[in-house]
A.B. asks: 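Here it is, the structure, as structure tokens.
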Amino acid sequence: RGDLARASPMGGDDEEVEPGSSAINPIGLPLSQLKRLKTKFVDPRTGKMMKLTLDEFVEALASNQRPCETERQKDQLRGELCVLFKKIDASCTETVDWEEFTEYMLLHMPGLSVGGEGSCELSHGPVDASGGFAAAWGAGHSDMISSVAVIHDIGPPGGGAGSGGAGGRRYVTAGRDGFLKVWLPNLTVHKAIDVGQHKGRWLTACCWMSKSRRLAVASSNFRIFFYESTFAGGSVTYIDHKDGTPLCLGYRESTESDGREKEILMVGDDNGFVTVYLMDDDWTSHESKLEGDSLPFKKKPIRRQYHEGWVTKVGFVYELQYMVTCGLDGEINLCDVHTNTRKGDRPPIRLHKKYGVHCWCWCGSHKFFASGGLDRQIIIWNPYTQMAINYLQGHNAPILDLQVNEAQHQLISMSVDKVIKVWDIQHYRCISTFTDKTEYKPEDKLTCMAFDEEMPGLVMCSSTLNVLPVSVKVETNRTHVAPIVGALYNDVFSQVVSGDSLGTVCVWDVRTGHLEFEFRRAHGDHKLTCMALDVSKRRLYTGAEDGEVRLWNFSSGQHLKTYTMKSPSEISGLLWAQTALASPEGPNTFVVALAWDRKIYVWPGTAKSSSGNAIEPKYVLEDVQGTGHTDDISCVVAISTVGGLLATGGDDGNVVFWKIQETSTSTASPIAAKLTDTSGDGAGAAAKGEAGARAAG
């Protein structure tokens with residue numbers, strides 16, 4: 001069955017999923033099963049939510065599985081559910097409540113692995129080299145291209161896919177010169193239409209409407225024109241969009257409650273408004289033969305302001321049933337296209353803060369959004385929590401466009417300085433960078449791009465077209481892209497936890513070698529320096545160069561606690577320790593960190609942080625009498641799990657025993673013994689070590 005946190009819906013494979021529930025359900029359960037599972041967390045006597053013990057948890061989740069046919073299957077299922085319980089119960093309370101369960105599953109969603117080994121890279125060279133190809137000089141636009149669309153089967157108007165001689169793949173570009181150009185796959189011009197009629201009208205966007213087989217084209221003269229798929233003659237009709245200059249277009253096909261199929265056109269303008277046009281059933285029969293004879297609507301279009309300033313992109317995500325907008329005010333909105341309002345009255349998403357957002361894209365296989373803009377970074381974020389998952393950095397100029405190559409698990413980004421980057425979205429790393437050295441006119445830049453899945457290839461626009469074919473090349477990946485600072489074996493879950501200096505923590509299954517989960521930027525912009533597991537092997541401690549220690553549920557990437565010191569010093573070692581002196585709650589446990597200031601910091605392991613406050617050290621062990629190390633301390637280990645005895649090794653070649661002082665009034669030196677090889681053959685060190693161990697005991 002595999003790890004349940006990564007499994008498919010926990011019911012039968014043939015169980016029907018309720019409409020509207022599976023697409024937006026982050027746990028992957030049909031709504032009926034999710035409700036039924038929630039009742040297991042409700043106390044039947046009081047009707048209030050309660051915590052489940054291990055046995056209750058196993059029984060509750062097992063009821064959502066198919067009945068096991070053999071005892072071996074039952075034992076295997078129970079074992080997997082017990083492991084899942086321990087992963088969720090990182091605080092070791094031996095109970096799990098509904099909030100902890102759903103939070104774990106939600107946090108684990110971004111870490112889902114989607115098959116395939118290795119990574120893919122874009123095969124390219126200069127634009128005029130073998131592999132990539134460009135349109136002939138003089139065939140492009142006289143000004144920059146504003147928008148490009150890939151039409152996979154253009155077909156005849158009103159006909160089925162692939163019917164007629166006009167069928168086939170086409171690229172359509174709309175330019176600031178007022179021209180609309182239709183290109184064959186070999187980048188020869190098939191049609192050129194003067195939409196602006198030599199009046200200096202820019203074309204700002206174009207969008208293919210697959211059901212009616214018409215192309216919508218937005219113009220700076222406050223109109224949206226519609227063209228038949230043959231592109232013969234002029235536009236067949238138009239919409240007067242008088243309230244603002246249309247800048248971007250989005251499209252979706254909608255099935256109404258009565259079964260009728262409708263088309264919806266979404267228009268974003270320069271005033272921050274998005275207008276939703278519900279096209280009538282007979283709208284294709286209307287022809288605008290006279291000036292002023294614009295397309296009529298039976299239902300008044302819905303217009304709503306979402307942004308302060310330009311709307312840079314509007315579109316629809318079928319899997320989530322969201323209309324998504326972004327703008328130069330730095331906000332992103334998830335909306336209901338039928339009412340043209342934000343979903344659930346949620347506030348705008350402000351991950352890019354004050355910086356404008358130029359683009360976004362949805363990755364259906366990995367279930368995340370990617371967005372980019374003026375802050376020069378790509379933010380990967382979860383649509384359910386609306387929180388950032390990762391930050392992809394590497395561009396030195398604002399990002400203009402993003403595309404997803406789902407088949408090869410790639411994200412492709414384009415910046416203003418003509419740099420194209422290809423990212424492996426399974427490991428969030430850049431695998432290829434291409435800089436276009438061609439000089440374009442009238443402006444030397446790339447303006448937009450589209451991904452042609454059929455080729456497959458990347459269509460890039462300036463004042464002309466360039467195409468870069470994409471080929472798959474499988475390579476052996478490094479497990480990390482930065483130096484690895486630690487690797488820990490977890491015998492409870494049969495996992496290896498590794499971490500690198502950039503703060504990426506990976507969890508590996510030692511039986512299969514597969515990456516089970518990862519989270520990134522554990523300490524933000526500070527380097528991760530060391531790691532340690534607690535005694536239960538359910539939680540991970542990480543230390544950083546800024547002297548901060550963080551506690552994690554490494555199975556979900558949830559940050560649990562933060563430990564700080566008054567005078568920050570880089571942490572070089574971490575461990576969990578326990579002393580003989582016990583409190584009413586049990587033995588005293590501690591988090592111990594070794595720093596480059598030659599001090600050992602000790603925090604209470606059971607301390608609770610409230611309202612996000614950091615935990616301060618309870619003890620600081622240092623050599624105030626000058627009897628310890630004479631150089632930097634390089635390593636630390638706990639040599640007694642009951643006596644609070646630590647041992648450190650230093651660059652001076654000495655080993656020093658330290659005793660954790662458990663009384664605040666104690667003035668005795670924390671140093672219990674010192675091992676020094678005075679004879680040169682190790683005998684002196686051994687003798688002194690035995691004496692030191694007896695003294696420490």
Side-chain angles (χ1 to χ4, degrees), residues 5 87-88 90-91 103-104 106-113 351 368 377-382 385 387-394 424-430 478-490 493 495-508 515-534 536-565 568-576 591-596 601 603 605 609 612-615:
K87 288 182 178 181
I88 299 174
S91 57
E103 185 176 13
Y104 172 84
L106 188 60
L107 287 170
H108 209 272
M109 277 296 295
L112 288 177
S113 174
L351 297 174
F368 66 65
Q377 65 179 344
I378 302 167
I379 300 181
I380 308 296
W381 50 279
N382 189 312
T385 63
M387 296 176 62
I389 300 171
N390 213 322
Y391 298 83
L392 305 183
Q393 298 175 337
D424 179 352
I425 55 180
Q426 294 189 80
H427 301 94
Y428 300 107
R429 68 184 184 93
C430 181
R478 294 180 295 173
T479 55
H480 289 265
V481 297
I484 297 175
V485 299
L488 308 169
Y489 176 61
N490 188 325
F493 300 140
Q495 295 172 332
V496 168
V497 183
S498 60
D500 63 36
S501 59
L502 290 180
T504 299
V505 177
C506 298
V507 182
W508 308 87
L515 178 67
E516 288 200 335
F517 187 73
E518 68 175 357
F519 58 95
R520 296 172 178 267
R521 292 171 57 87
H523 288 266
D525 295 330
H526 296 287
K527 290 183 179 180
L528 188 151
T529 57
C530 53
M531 306 189 306
L533 293 170
D534 72 343
S536 69
K537 305 294 182 71
R538 302 186 194 179
R539 297 179 294 181
L540 176 72
Y541 295 97
T542 59
E545 62 179 353
D546 62 343
E548 189 173 275
V549 176
R550 293 186 178 183
L551 177 62
W552 305 87
N553 180 348
F554 62 86
S555 297
S556 66
Q558 182 184 7
H559 179 202
L560 302 174
K561 295 179 184 178
T562 300
Y563 304 87
T564 59
M565 56 181 68
S569 178
E570 181 176 333
I571 295 175
S572 58
L574 267 179
L575 58 86
W576 176 92
V591 182
V592 180
L594 175 64
W596 284 118
Y601 294 84
W603 293 272
S609 56
N613 295 330
I615 302 171

A.B. asks: Drop me the distance from Trp552's CH2 to Leu540's CG, to the nearest 0.5 angstrom.
C.D. replies: 9.0 Å
A.B. asks: Parallel, tilted or perpendicular, judged at 30° and 60°: which one describes the rings of Phe519 and Phe517?
C.D. replies: tilted
A.B. asks: Would a distance-only check, ignoring hydrogens and angles, find a side-chain to backbone donor-acceptor pair under 3.5 Å from Ser572 to Leu594?
C.D. replies: yes
A.B. asks: What distance separates Met565 CE from Asp546 CG, expressed to the nearest 0.5 Å?
C.D. replies: 9.0 Å
A.B. asks: Report yes if the side chains of Phe368 and Ile425 come closer than 4.5 Å at any heavy-atom pair, otherwise no.
C.D. replies: yes
A.B. asks: Can you tell me how far the CG atom of Leu575 sits from the CG atom of Leu533, to the nearest 0.5 Å?
C.D. replies: 12.0 Å
A.B. asks: Provide the closest heavy-atom pair for Tyr489 versus Lys537 in the form atom of the first, atom of the second, distance.
C.D. replies: O-NZ, 4.3 Å
A.B. asks: Begin with the C-alpha distance, continue with both residues' side-chain angles, and end with the deciding distance and a verdict on side-chain contact (heavy atoms from CB on, under 4.5 Å) for Trp603 and Tyr541.
C.D. replies: CA-CA 12 Å; Trp603 293 272; Tyr541 295 97; over 6 Å; no
A.B. asks: What is the minimum heavy-atom distance between Ala487 and Val496, and which atoms define it?
C.D. replies: CB-CG1, 4.5 Å
A.B. asks: Give a yes or no answer on whether the side chain of Glu545 reaches the backbone of Lys527 with a donor-acceptor pair at less than 3.5 Å.
C.D. replies: yes
A.B. asks: Please report the interatomic distance CE(Met531) to CG(Leu488), rounded to the nearest 0.5 Å.
C.D. replies: 4.0 Å
A.B. asks: Take Tyr601 and Val549 through the side-chain contact (heavy atoms from CB on, under 4.5 Å) test and state the conclusion after the steps.
C.D. replies: CA-CA 11 Å; Tyr601 294 84; Val549 176; over 6 Å; no
A.B. asks: Closest heavy-atom contact between Ile571 and Cys530?
C.D. replies: CG2-SG, 3.5 Å
A.B. asks: Just checking, is any N or O donor in the side chain of His523 or Thr542 under 3.5 Å from an acceptor N or O on the other one?
C.D. replies: yes
A.B. asks: To the closest 0.5 Å, what do you measure between CD1 (Ile379) and CE (Met387)?
C.D. replies: 12.5 Å
A.B. asks: Looking at Leu551, is its backbone amide N or carbonyl O close enough to the side chain of Arg539 to form a donor-acceptor pair, meaning the two atoms are under 3.5 Å apart?
C.D. replies: no
A.B. asks: Return the minimal non-hydrogen interatomic distance between Arg550 and Ala522, and the atom names on each side.
C.D. replies: NH1-O, 2.7 Å
A.B. asks: Looking only at atom types and distance, does a side-chain atom of Thr562 sit under 3.5 Å from a main-chain N or O of Ala614, one as donor and one as acceptor?
C.D. replies: no
A.B. asks: Taking all atoms of both residues into account, what is the closest heavy-atom pair of Leu502 and Ala482, and its distance?
C.D. replies: CG-CB, 3.6 Å
A.B. asks: Check Trp381 against Ala388 and note the closest heavy-atom contact, atom names and distance.
C.D. replies: CB-CA, 4.0 Å
A.B. asks: Evaluate the side-chain contact (heavy atoms from CB on, under 4.5 Å) criterion for residues Ile615 and Val591: first the C-alpha distance (whole Å), next the side-chain angles of each, then the deciding distance (0.1 Å), finally the verdict.
C.D. replies: CA-CA 11 Å; Ile615 302 171; Val591 182; over 6 Å; no
A.B. asks: Any donor and acceptor pair, going by atom type alone, linking the side chain of His526 with main-chain N or O of Leu528 inside 3.5 Å?
C.D. replies: no
A.B. asks: Could you walk me through whether Tyr428 and Thr504 satisfy the side-chain contact (heavy atoms from CB on, under 4.5 Å) test, starting with their C-alpha distance in whole Å, then the side-chain angles of each, then the deciding distance to 0.1 Å, before giving a yes or no?
C.D. replies: CA-CA 10 Å; Tyr428 300 107; Thr504 299; over 6 Å; no
A.B. asks: Supply the atom-to-atom distance Tyr391 OH to Ile380 CD1, rounded to the nearest 0.5 angstrom.
C.D. replies: 11.0 Å
